[in-house]
Amino acid sequence: MIQTTALIDGNNFYASCEQSLDPSLIGRPLVILSNNDGCIISRNPEARNLGIKMGKPYFKISSQLRKLKVVVRSSNYALYGDMSQRLMSLLRKHCEQLEIYSIDEAFASFSSSSEQELHQWARNLRILAIQQLGIPIAIGFGTTKVQAKLANFLAKTIPANAGIFNLLTAEDPEYWLKRIAIEDVWGIGNKLAYWCRMKGINNALQLRDMNTQELQSKSGITGTRIQQELRGESCIPLTPKSKPKQETCVSRSFRRPITTLDELLQAMARRVIIASEKLRRQRQLAGAITIFIRTSPFLPSFYSQSASKKLDIPTDDTSILLKETMELTREIFEPYKALIKAGIIMQKLQSKKHIQQHFFINHNSKIQKKRENLTRVIDQLNNRYGHGTVTWAICGSINEWQMGSKDQSNVSTTLINKIPIIKAE
DNA sequence: TCTGGGGTCCTAGGACCC
DNA sequence: TCTGGGGTCCTAGGACCC
(Lines give C-alpha, C1' and ligand atoms only; values in the text may rest on other atoms or scores of the structure.)
Protein backbone atom coordinates (compact mmCIF):
# COMPACT_ATOMS: atom_id res chain seq x y z
CA MET A 1 0.00 0.00 0.00
CA ILE A 2 1.40 3.41 -0.99
CA GLN A 3 1.65 6.23 1.50
CA THR A 4 -0.82 8.95 0.60
CA THR A 5 -0.55 12.63 1.44
CA ALA A 6 -3.48 15.02 1.29
CA LEU A 7 -3.66 18.79 1.21
CA ILE A 8 -6.91 20.22 2.53
CA ASP A 9 -7.67 23.94 2.33
CA GLY A 10 -10.52 26.43 2.55
CA ASN A 11 -11.53 27.99 -0.78
CA ASN A 12 -11.13 31.79 -0.85
CA PHE A 13 -10.88 31.49 2.89
CA TYR A 14 -11.36 35.11 4.02
CA ALA A 15 -14.21 35.74 1.60
CA SER A 16 -15.83 32.46 2.66
CA CYS A 17 -15.58 33.43 6.35
CA GLU A 18 -17.42 36.70 5.66
CA GLN A 19 -20.09 34.89 3.65
CA SER A 20 -20.51 32.29 6.33
CA LEU A 21 -21.49 34.94 8.90
CA ASP A 22 -23.40 37.17 6.48
CA PRO A 23 -25.43 35.04 4.09
CA SER A 24 -26.67 38.15 2.28
CA LEU A 25 -23.23 38.15 0.61
CA ILE A 26 -23.73 34.76 -1.02
CA GLY A 27 -24.06 34.98 -4.78
CA ARG A 28 -22.71 38.54 -4.89
CA PRO A 29 -19.16 39.39 -5.98
CA LEU A 30 -17.05 40.03 -2.86
CA VAL A 31 -13.45 41.09 -2.23
CA ILE A 32 -11.47 41.38 1.01
CA LEU A 33 -8.82 44.09 1.48
CA SER A 34 -5.49 43.87 3.29
CA ASN A 35 -4.66 45.99 6.33
CA ASN A 36 -4.98 49.70 5.70
CA ASP A 37 -7.33 48.79 2.83
CA GLY A 38 -4.18 48.46 0.73
CA CYS A 39 -4.88 45.75 -1.80
CA ILE A 40 -7.10 42.77 -2.67
CA ILE A 41 -6.16 39.65 -0.70
CA SER A 42 -9.20 37.42 -1.18
CA ARG A 43 -12.11 37.24 -3.59
CA ASN A 44 -14.99 34.89 -4.18
CA PRO A 45 -15.58 33.14 -7.54
CA GLU A 46 -18.15 35.76 -8.59
CA ALA A 47 -15.53 38.51 -8.19
CA ARG A 48 -12.87 36.39 -9.90
CA ASN A 49 -15.18 35.87 -12.88
CA LEU A 50 -15.45 39.65 -13.24
CA GLY A 51 -11.69 39.65 -13.88
CA ILE A 52 -10.61 41.12 -10.53
CA LYS A 53 -7.01 40.14 -9.80
CA MET A 54 -5.37 39.19 -6.50
CA GLY A 55 -2.94 41.72 -5.04
CA LYS A 56 -4.29 44.72 -6.97
CA PRO A 57 -3.99 48.03 -5.10
CA TYR A 58 -7.46 49.02 -3.99
CA PHE A 59 -7.14 52.72 -4.85
CA LYS A 60 -6.46 51.81 -8.48
CA ILE A 61 -9.61 49.76 -8.97
CA SER A 62 -12.07 51.12 -6.42
CA SER A 63 -14.18 52.95 -9.02
CA GLN A 64 -14.26 49.88 -11.24
CA LEU A 65 -15.43 47.81 -8.26
CA ARG A 66 -18.21 50.31 -7.56
CA LYS A 67 -19.38 50.13 -11.16
CA LEU A 68 -19.43 46.34 -11.08
CA LYS A 69 -21.32 46.43 -7.75
CA VAL A 70 -18.66 44.38 -5.98
CA VAL A 71 -19.03 44.21 -2.19
CA VAL A 72 -15.81 45.34 -0.49
CA ARG A 73 -14.79 44.34 3.05
CA SER A 74 -11.78 45.34 5.14
CA SER A 75 -10.10 42.32 6.69
CA ASN A 76 -11.23 41.03 10.09
CA TYR A 77 -8.37 38.85 11.30
CA ALA A 78 -9.94 38.00 14.65
CA LEU A 79 -12.80 36.38 12.75
CA TYR A 80 -10.55 34.48 10.31
CA GLY A 81 -8.33 33.23 13.14
CA ASP A 82 -11.31 31.89 15.04
CA MET A 83 -12.82 30.23 11.95
CA SER A 84 -9.41 28.69 11.26
CA GLN A 85 -9.33 27.09 14.71
CA ARG A 86 -12.76 25.61 14.14
CA LEU A 87 -11.74 24.23 10.75
CA MET A 88 -8.54 22.70 12.13
CA SER A 89 -10.29 21.01 15.02
CA LEU A 90 -12.74 19.46 12.54
CA LEU A 91 -9.81 18.20 10.44
CA ARG A 92 -8.06 16.82 13.51
CA LYS A 93 -11.08 14.69 14.29
CA HIS A 94 -10.95 13.14 10.83
CA CYS A 95 -7.23 12.69 10.12
CA GLU A 96 -4.65 10.30 11.57
CA GLN A 97 -1.78 12.73 11.14
CA LEU A 98 -2.25 16.43 10.54
CA GLU A 99 0.21 19.24 9.94
CA ILE A 100 -1.34 22.71 10.08
CA TYR A 101 0.47 24.62 7.37
CA SER A 102 -1.25 28.01 7.29
CA ILE A 103 -4.40 29.76 8.43
CA ASP A 104 -6.49 27.82 5.91
CA GLU A 105 -4.40 24.79 4.94
CA ALA A 106 -3.30 21.48 6.42
CA PHE A 107 -1.44 18.39 5.20
CA ALA A 108 -2.65 14.95 6.26
CA SER A 109 -1.21 11.50 5.69
CA PHE A 110 -2.77 8.06 5.41
CA SER A 111 -0.98 4.76 5.69
CA SER A 112 -3.61 2.48 4.20
CA SER A 113 -6.81 3.28 2.37
CA SER A 114 -8.23 2.24 -0.96
CA GLU A 115 -8.98 4.84 -3.61
CA GLN A 116 -12.71 4.48 -2.99
CA GLU A 117 -12.31 4.88 0.74
CA LEU A 118 -10.24 8.04 0.31
CA HIS A 119 -12.74 9.53 -2.08
CA GLN A 120 -15.64 8.77 0.23
CA TRP A 121 -13.71 10.21 3.17
CA ALA A 122 -13.04 13.42 1.23
CA ARG A 123 -16.67 13.81 0.16
CA ASN A 124 -17.80 13.37 3.73
CA LEU A 125 -15.29 15.95 4.99
CA ARG A 126 -16.45 18.52 2.45
CA ILE A 127 -20.02 18.07 3.59
CA LEU A 128 -19.08 18.46 7.26
CA ALA A 129 -17.12 21.66 6.60
CA ILE A 130 -20.12 23.19 4.84
CA GLN A 131 -22.57 22.04 7.50
CA GLN A 132 -20.54 23.04 10.54
CA LEU A 133 -18.67 26.11 9.28
CA GLY A 134 -20.23 27.20 6.02
CA ILE A 135 -16.78 26.98 4.42
CA PRO A 136 -16.17 25.13 1.15
CA ILE A 137 -12.93 23.11 1.16
CA ALA A 138 -10.85 21.37 -1.51
CA ILE A 139 -8.82 18.18 -1.09
CA GLY A 140 -5.89 16.92 -3.18
CA PHE A 141 -4.11 13.55 -2.90
CA GLY A 142 -0.58 12.53 -3.96
CA THR A 143 2.44 10.61 -2.69
CA THR A 144 4.33 13.74 -1.65
CA LYS A 145 3.49 17.20 -0.37
CA VAL A 146 4.20 18.84 -3.73
CA GLN A 147 1.96 16.33 -5.49
CA ALA A 148 -0.82 16.86 -2.93
CA LYS A 149 -0.51 20.60 -3.37
CA LEU A 150 -0.83 20.32 -7.16
CA ALA A 151 -3.72 17.87 -6.84
CA ASN A 152 -5.47 20.37 -4.59
CA PHE A 153 -4.92 23.05 -7.25
CA LEU A 154 -6.56 20.79 -9.84
CA ALA A 155 -9.40 19.99 -7.44
CA LYS A 156 -10.16 23.69 -7.08
CA THR A 157 -9.57 25.03 -10.56
CA ILE A 158 -11.16 22.30 -12.70
CA PRO A 159 -14.90 22.43 -11.99
CA ALA A 160 -15.41 18.84 -13.17
CA ASN A 161 -13.24 17.63 -10.29
CA ALA A 162 -15.73 19.04 -7.78
CA GLY A 163 -13.21 19.90 -5.08
CA ILE A 164 -11.49 16.50 -4.90
CA PHE A 165 -8.59 15.23 -7.00
CA ASN A 166 -6.24 12.27 -6.69
CA LEU A 167 -3.05 12.54 -8.72
CA LEU A 168 -2.09 8.93 -7.87
CA THR A 169 -5.12 7.31 -9.36
CA ALA A 170 -5.80 9.77 -12.19
CA GLU A 171 -5.91 7.99 -15.54
CA ASP A 172 -3.26 10.16 -17.19
CA PRO A 173 -1.24 12.08 -14.55
CA GLU A 174 1.03 13.58 -17.21
CA TYR A 175 -1.94 15.20 -18.92
CA TRP A 176 -2.81 16.93 -15.64
CA LEU A 177 0.75 17.99 -14.82
CA LYS A 178 0.99 19.57 -18.27
CA ARG A 179 -2.05 21.70 -17.43
CA ILE A 180 -0.34 23.31 -14.43
CA ALA A 181 1.57 26.47 -15.37
CA ILE A 182 5.10 26.72 -13.95
CA GLU A 183 4.05 29.76 -11.85
CA ASP A 184 1.42 27.64 -10.10
CA VAL A 185 3.89 25.03 -8.84
CA TRP A 186 4.38 25.22 -5.07
CA GLY A 187 7.86 26.58 -4.35
CA ILE A 188 8.37 28.20 -7.76
CA GLY A 189 8.14 31.96 -7.26
CA ASN A 190 8.53 34.91 -9.63
CA LYS A 191 12.26 34.66 -10.15
CA LEU A 192 12.46 30.92 -10.74
CA ALA A 193 9.36 30.89 -12.94
CA TYR A 194 10.87 33.57 -15.17
CA TRP A 195 14.12 31.61 -15.44
CA CYS A 196 12.19 28.43 -16.27
CA ARG A 197 10.17 30.16 -18.98
CA MET A 198 13.40 31.44 -20.54
CA LYS A 199 14.59 27.84 -20.71
CA GLY A 200 11.33 26.69 -22.28
CA ILE A 201 10.08 25.04 -19.09
CA ASN A 202 6.46 26.13 -18.99
CA ASN A 203 4.56 23.61 -16.89
CA ALA A 204 4.84 21.16 -14.00
CA LEU A 205 5.49 18.18 -16.30
CA GLN A 206 8.45 19.88 -17.99
CA LEU A 207 9.85 20.85 -14.59
CA ARG A 208 9.58 17.24 -13.45
CA ASP A 209 11.53 16.02 -16.47
CA MET A 210 14.12 18.77 -16.86
CA ASN A 211 17.84 18.28 -16.28
CA THR A 212 18.46 18.12 -12.54
CA GLN A 213 22.01 19.52 -12.72
CA GLU A 214 20.78 22.59 -14.53
CA LEU A 215 18.01 23.15 -11.99
CA GLN A 216 20.43 22.61 -9.12
CA SER A 217 22.87 25.19 -10.47
CA LYS A 218 20.13 27.83 -10.50
CA SER A 219 18.10 27.08 -7.40
CA GLY A 220 20.24 24.86 -5.20
CA ILE A 221 18.67 22.26 -3.01
CA THR A 222 15.27 23.96 -2.85
CA GLY A 223 14.55 23.51 -6.56
CA THR A 224 15.78 19.94 -6.78
CA ARG A 225 13.64 18.98 -3.80
CA ILE A 226 10.55 20.20 -5.62
CA GLN A 227 11.58 18.15 -8.64
CA GLN A 228 12.13 15.02 -6.55
CA GLU A 229 8.73 15.45 -4.94
CA LEU A 230 7.12 15.93 -8.37
CA ARG A 231 8.63 12.58 -9.32
CA GLY A 232 7.05 11.01 -6.25
CA GLU A 233 10.07 10.80 -3.94
CA SER A 234 9.23 12.40 -0.64
CA CYS A 235 11.83 14.83 0.71
CA ILE A 236 9.68 17.37 2.56
CA PRO A 237 8.43 15.37 5.54
CA LEU A 238 5.13 15.84 7.32
CA THR A 239 5.75 17.53 10.69
CA PRO A 240 2.62 17.15 12.82
CA LYS A 241 4.13 18.79 15.91
CA SER A 242 4.22 22.55 15.49
CA LYS A 243 7.66 23.94 16.17
CA PRO A 244 8.07 26.96 18.45
CA LYS A 245 8.48 30.21 16.55
CA GLN A 246 12.02 31.43 15.91
CA GLU A 247 11.00 35.04 15.56
CA THR A 248 7.91 37.21 15.87
CA CYS A 249 7.32 40.40 13.92
CA VAL A 250 4.90 43.31 14.29
CA SER A 251 4.92 45.63 11.31
CA ARG A 252 2.37 48.21 10.17
CA SER A 253 1.98 50.86 7.49
CA PHE A 254 0.83 54.39 8.29
CA ARG A 255 -2.26 55.94 6.79
CA ARG A 256 -0.13 58.90 5.74
CA PRO A 257 3.66 59.32 5.74
CA ILE A 258 5.24 60.52 8.98
CA THR A 259 8.41 62.61 9.32
CA THR A 260 8.84 63.54 12.99
CA LEU A 261 10.63 61.70 15.77
CA ASP A 262 7.65 62.10 18.10
CA GLU A 263 5.31 60.31 15.74
CA LEU A 264 7.83 57.57 15.09
CA LEU A 265 8.40 56.99 18.82
CA GLN A 266 4.65 56.64 19.36
CA ALA A 267 4.33 54.26 16.42
CA MET A 268 7.22 52.12 17.61
CA ALA A 269 5.82 52.04 21.14
CA ARG A 270 2.52 50.66 19.86
CA ARG A 271 4.31 47.97 17.89
CA VAL A 272 6.55 46.84 20.71
CA ILE A 273 3.58 46.64 23.10
CA ILE A 274 1.73 44.36 20.69
CA ALA A 275 4.89 42.32 20.12
CA SER A 276 5.42 41.86 23.89
CA GLU A 277 1.82 40.68 24.27
CA LYS A 278 2.45 38.18 21.49
CA LEU A 279 5.55 36.88 23.25
CA ARG A 280 3.64 36.33 26.49
CA ARG A 281 0.84 34.54 24.66
CA GLN A 282 3.40 32.27 23.01
CA ARG A 283 5.18 31.80 26.34
CA GLN A 284 8.46 32.90 24.80
CA LEU A 285 11.22 35.35 25.65
CA ALA A 286 13.15 37.49 23.16
CA GLY A 287 16.94 37.41 23.21
CA ALA A 288 17.37 40.16 20.62
CA ILE A 289 15.31 42.79 18.82
CA THR A 290 15.52 44.49 15.43
CA ILE A 291 13.53 47.56 14.46
CA PHE A 292 13.12 48.87 10.93
CA ILE A 293 11.65 51.89 9.14
CA ARG A 294 11.14 52.58 5.45
CA THR A 295 9.79 55.04 2.93
CA SER A 296 7.52 54.01 0.05
CA PRO A 297 9.19 51.52 -2.31
CA PHE A 298 6.97 52.86 -5.09
CA LEU A 299 8.57 56.30 -5.03
CA PRO A 300 12.09 57.28 -6.11
CA SER A 301 14.72 57.70 -3.37
CA PHE A 302 13.55 54.66 -1.47
CA TYR A 303 15.07 54.61 1.99
CA SER A 304 15.13 51.91 4.61
CA GLN A 305 17.03 51.55 7.83
CA SER A 306 17.23 49.05 10.65
CA ALA A 307 18.98 48.53 13.96
CA SER A 308 19.39 45.56 16.25
CA LYS A 309 20.27 44.92 19.83
CA LYS A 310 21.11 41.77 21.74
CA LEU A 311 19.52 41.62 25.17
CA ASP A 312 21.65 40.58 28.14
CA ILE A 313 18.70 38.77 29.65
CA PRO A 314 15.93 37.36 27.41
CA THR A 315 12.60 38.95 28.36
CA ASP A 316 8.91 39.39 27.58
CA ASP A 317 8.63 42.47 29.80
CA THR A 318 6.99 45.35 27.92
CA SER A 319 8.74 48.09 29.88
CA ILE A 320 12.22 46.68 29.22
CA LEU A 321 11.49 46.08 25.55
CA LEU A 322 9.96 49.56 25.29
CA LYS A 323 13.05 51.20 26.69
CA GLU A 324 15.39 49.36 24.29
CA THR A 325 13.14 50.08 21.34
CA MET A 326 12.93 53.79 22.12
CA GLU A 327 16.74 53.99 22.24
CA LEU A 328 17.12 52.18 18.92
CA THR A 329 14.46 54.41 17.36
CA ARG A 330 16.30 57.57 18.38
CA GLU A 331 19.48 56.09 16.90
CA ILE A 332 18.12 55.42 13.42
CA PHE A 333 15.70 58.33 13.05
CA GLU A 334 16.51 60.76 10.27
CA PRO A 335 14.44 63.88 9.67
CA TYR A 336 12.75 64.67 6.35
CA LYS A 337 12.25 61.04 5.35
CA ALA A 338 8.60 60.35 4.58
CA LEU A 339 8.20 57.05 6.41
CA ILE A 340 5.26 54.86 5.45
CA LYS A 341 6.06 51.73 7.44
CA ALA A 342 7.74 50.73 10.68
CA GLY A 343 8.09 47.48 12.56
CA ILE A 344 9.84 45.41 15.18
CA ILE A 345 11.14 41.84 15.05
CA MET A 346 11.59 39.83 18.24
CA GLN A 347 14.48 37.42 17.70
CA LYS A 348 16.43 34.61 19.35
CA LEU A 349 13.21 33.44 20.95
CA GLN A 350 13.35 30.87 23.69
CA SER A 351 10.74 29.06 25.72
CA LYS A 352 9.73 30.66 28.98
CA LYS A 353 9.58 27.21 30.55
CA HIS A 354 13.31 26.75 30.84
CA ILE A 355 14.79 30.16 31.46
CA GLN A 356 18.54 30.36 31.51
CA GLN A 357 19.30 31.71 34.97
CA HIS A 358 21.40 34.84 35.07
CA PHE A 359 24.17 35.05 37.58
CA PHE A 360 23.23 38.52 38.86
CA ILE A 361 19.48 38.42 38.46
CA ASN A 362 17.13 36.60 40.76
CA HIS A 363 14.14 35.61 38.63
CA ASN A 364 12.09 34.92 41.71
CA SER A 365 12.71 38.22 43.48
CA LYS A 366 9.76 40.10 44.96
CA ILE A 367 10.12 43.00 42.56
CA GLN A 368 10.25 40.64 39.60
CA LYS A 369 7.07 38.89 40.77
CA LYS A 370 5.30 42.20 41.30
CA ARG A 371 6.13 43.31 37.77
CA GLU A 372 4.87 40.05 36.33
CA ASN A 373 1.63 40.36 38.27
CA LEU A 374 1.08 43.89 37.00
CA THR A 375 1.68 42.75 33.42
CA ARG A 376 -0.72 39.86 33.85
CA VAL A 377 -3.48 42.15 35.11
CA ILE A 378 -2.96 44.55 32.20
CA ASP A 379 -3.11 41.65 29.71
CA GLN A 380 -6.31 40.39 31.31
CA LEU A 381 -7.98 43.83 31.20
CA ASN A 382 -7.07 44.23 27.54
CA ASN A 383 -8.32 40.77 26.68
CA ARG A 384 -11.60 41.40 28.40
CA TYR A 385 -12.36 45.00 27.45
CA GLY A 386 -10.58 45.24 24.12
CA HIS A 387 -7.04 45.90 22.99
CA GLY A 388 -5.58 49.20 24.25
CA THR A 389 -7.90 49.60 27.24
CA VAL A 390 -4.83 49.95 29.46
CA THR A 391 -1.64 51.05 27.79
CA TRP A 392 1.54 53.14 28.07
CA ALA A 393 1.32 56.92 27.87
CA ILE A 394 4.06 57.03 25.25
CA CYS A 395 1.65 55.59 22.66
CA GLY A 396 -0.23 58.89 22.58
CA SER A 397 -3.91 59.09 21.74
CA ILE A 398 -5.52 57.97 18.51
CA ASN A 399 -3.84 59.75 15.63
CA GLU A 400 -4.95 60.36 12.10
CA TRP A 401 -1.79 58.81 10.67
CA GLN A 402 -2.47 55.43 12.20
CA MET A 403 -3.72 52.48 10.26
CA GLY A 404 -7.30 52.60 9.09
CA SER A 405 -9.84 50.17 7.69
CA LYS A 406 -13.16 51.50 6.53
CA ASP A 407 -15.47 48.62 5.83
CA GLN A 408 -14.82 45.92 8.38
CA SER A 409 -17.72 43.56 8.88
CA ASN A 410 -19.35 44.42 12.18
CA VAL A 411 -19.66 40.79 13.21
CA SER A 412 -17.44 38.59 15.28
CA THR A 413 -17.28 35.10 16.74
CA THR A 414 -14.92 36.27 19.49
CA LEU A 415 -16.61 39.38 20.97
CA ILE A 416 -19.96 38.89 22.65
CA ASN A 417 -21.45 42.24 21.60
CA LYS A 418 -20.73 41.54 17.94
CA ILE A 419 -22.16 38.03 17.66
CA PRO A 420 -24.44 37.90 14.64
CA ILE A 421 -28.12 38.11 15.52
CA ILE A 422 -30.74 36.11 13.69
CA LYS A 423 -34.09 37.86 13.68
CA ALA A 424 -37.30 35.88 13.47
CA GLU A 425 -39.85 37.21 10.98
C1' DT B 1 -4.02 60.79 -1.36
C1' DC B 2 -4.11 55.90 -1.59
C1' DT B 3 0.35 49.56 -3.12
C1' DG B 4 -0.57 44.24 3.62
C1' DG B 5 1.57 41.52 7.31
C1' DG B 6 4.03 37.54 9.24
C1' DG B 7 6.82 33.84 8.62
C1' DT B 8 10.76 29.99 7.09
C1' DC B 9 14.68 28.17 4.73
C1' DC B 10 18.96 28.43 2.18
C1' DT B 11 23.38 30.41 0.80
C1' DA B 12 27.46 33.16 0.48
C1' DG B 13 30.80 35.42 2.80
C1' DG B 14 33.16 37.21 6.87
C1' DA B 15 35.30 36.38 11.38
C1' DC B 16 37.69 33.45 13.95
C1' DC B 17 40.29 29.28 15.30
C1' DC B 18 43.96 25.72 14.91
C1' DT C 1 56.96 39.36 9.17
C1' DC C 2 55.38 36.03 6.12
C1' DT C 3 53.42 31.61 4.78
C1' DG C 4 48.92 27.37 4.02
C1' DG C 5 44.85 24.71 4.50
C1' DG C 6 40.75 23.48 6.71
C1' DG C 7 36.99 23.93 9.71
C1' DT C 8 32.97 26.16 12.40
C1' DC C 9 29.87 29.67 13.52
C1' DC C 10 27.28 33.71 12.63
C1' DT C 11 24.87 37.08 9.82
C1' DA C 12 22.63 39.43 6.05
C1' DG C 13 20.05 39.02 2.23
C1' DG C 14 17.37 36.56 -1.21
C1' DA C 15 13.55 33.73 -2.42
C1' DC C 16 9.54 31.84 -1.34
C1' DC C 17 5.07 30.87 1.17
C1' DC C 18 0.14 32.18 2.68
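Below, chains carry the letters A, B, ... as their sequence lines are ordered, and counting in each starts from 1. Note: hydrogens, waters and symmetry copies are ignored here, and every other heavy atom, side chains too, is used.
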Whole angstrom is fine here: how far is it from CG in A:Asp407 over to C1' in B:dG4? 16 Å
Aro-ring/base stack A:Phe59-B:dT3, d under 5.5 Å, angle under 30°: no
Just checking A:Lys149: base, sugar-phosphate only, or nothing, at a heavy-atom cut-off of under 4.0 Å? sugar-phosphate
A:Ile345 CD1 to C:dG13 C1': how many Å, rounded? 12 Å
Would you check if A:Thr157 and A:Phe165 make a side-chain contact, meaning some heavy-atom pair closer than 4.5 Å? no
Please confirm whether the backbone N or O of A:Thr222 pairs with a side-chain atom of A:Ser219, one donor and one acceptor, at under 3.5 Å? no
Kindly say if A:Lys243 contacts the phosphate of B:dC9, meaning a side-chain N or O under 4.0 Å from OP1 or OP2. yes
B:dC18 pairs with which nucleotide, Watson-Crick or G-U wobble, both distances below 3.5 Å? C:dG5
Starting at atom CZ of A:Phe107, determine the distance to atom C1' of B:dT8, rounded to an integer number of angstrom. 14 Å
Rounded to whole angstrom units, what separation is found between the CZ atom of A:Arg256 and the C1' atom of B:dT1? 12 Å
Given the side-chain rings of A:Trp186 and A:Phe153, with only the six-membered ring counted for Trp, is the space between their centroids under 6.0 Å? no
When rounded to whole Å, the CD1 to P distance for the pair A:Ile340 and B:dC2 reads 10 Å
Residues A:Leu7, A:Lys145; criterion side chain to side chain contact (heavy atoms under 4.5 Å, CB included); working and verdict: CA-CA 7 Å; A:Leu7 178 75; A:Lys145 279 184 166 178; over 6 Å; no
Using the P atom as the reference point in each nucleotide, state the distance between C:dC18 and B:dT3 in Å, no decimals. 25 Å
So A:Tyr58, base contact, sugar-phosphate only, or nothing? Heavy-atom distance under 4.0 Å. nothing
To the nearest Å, how far apart are A:Ile221 CD1 and C:dC16 P? 16 Å
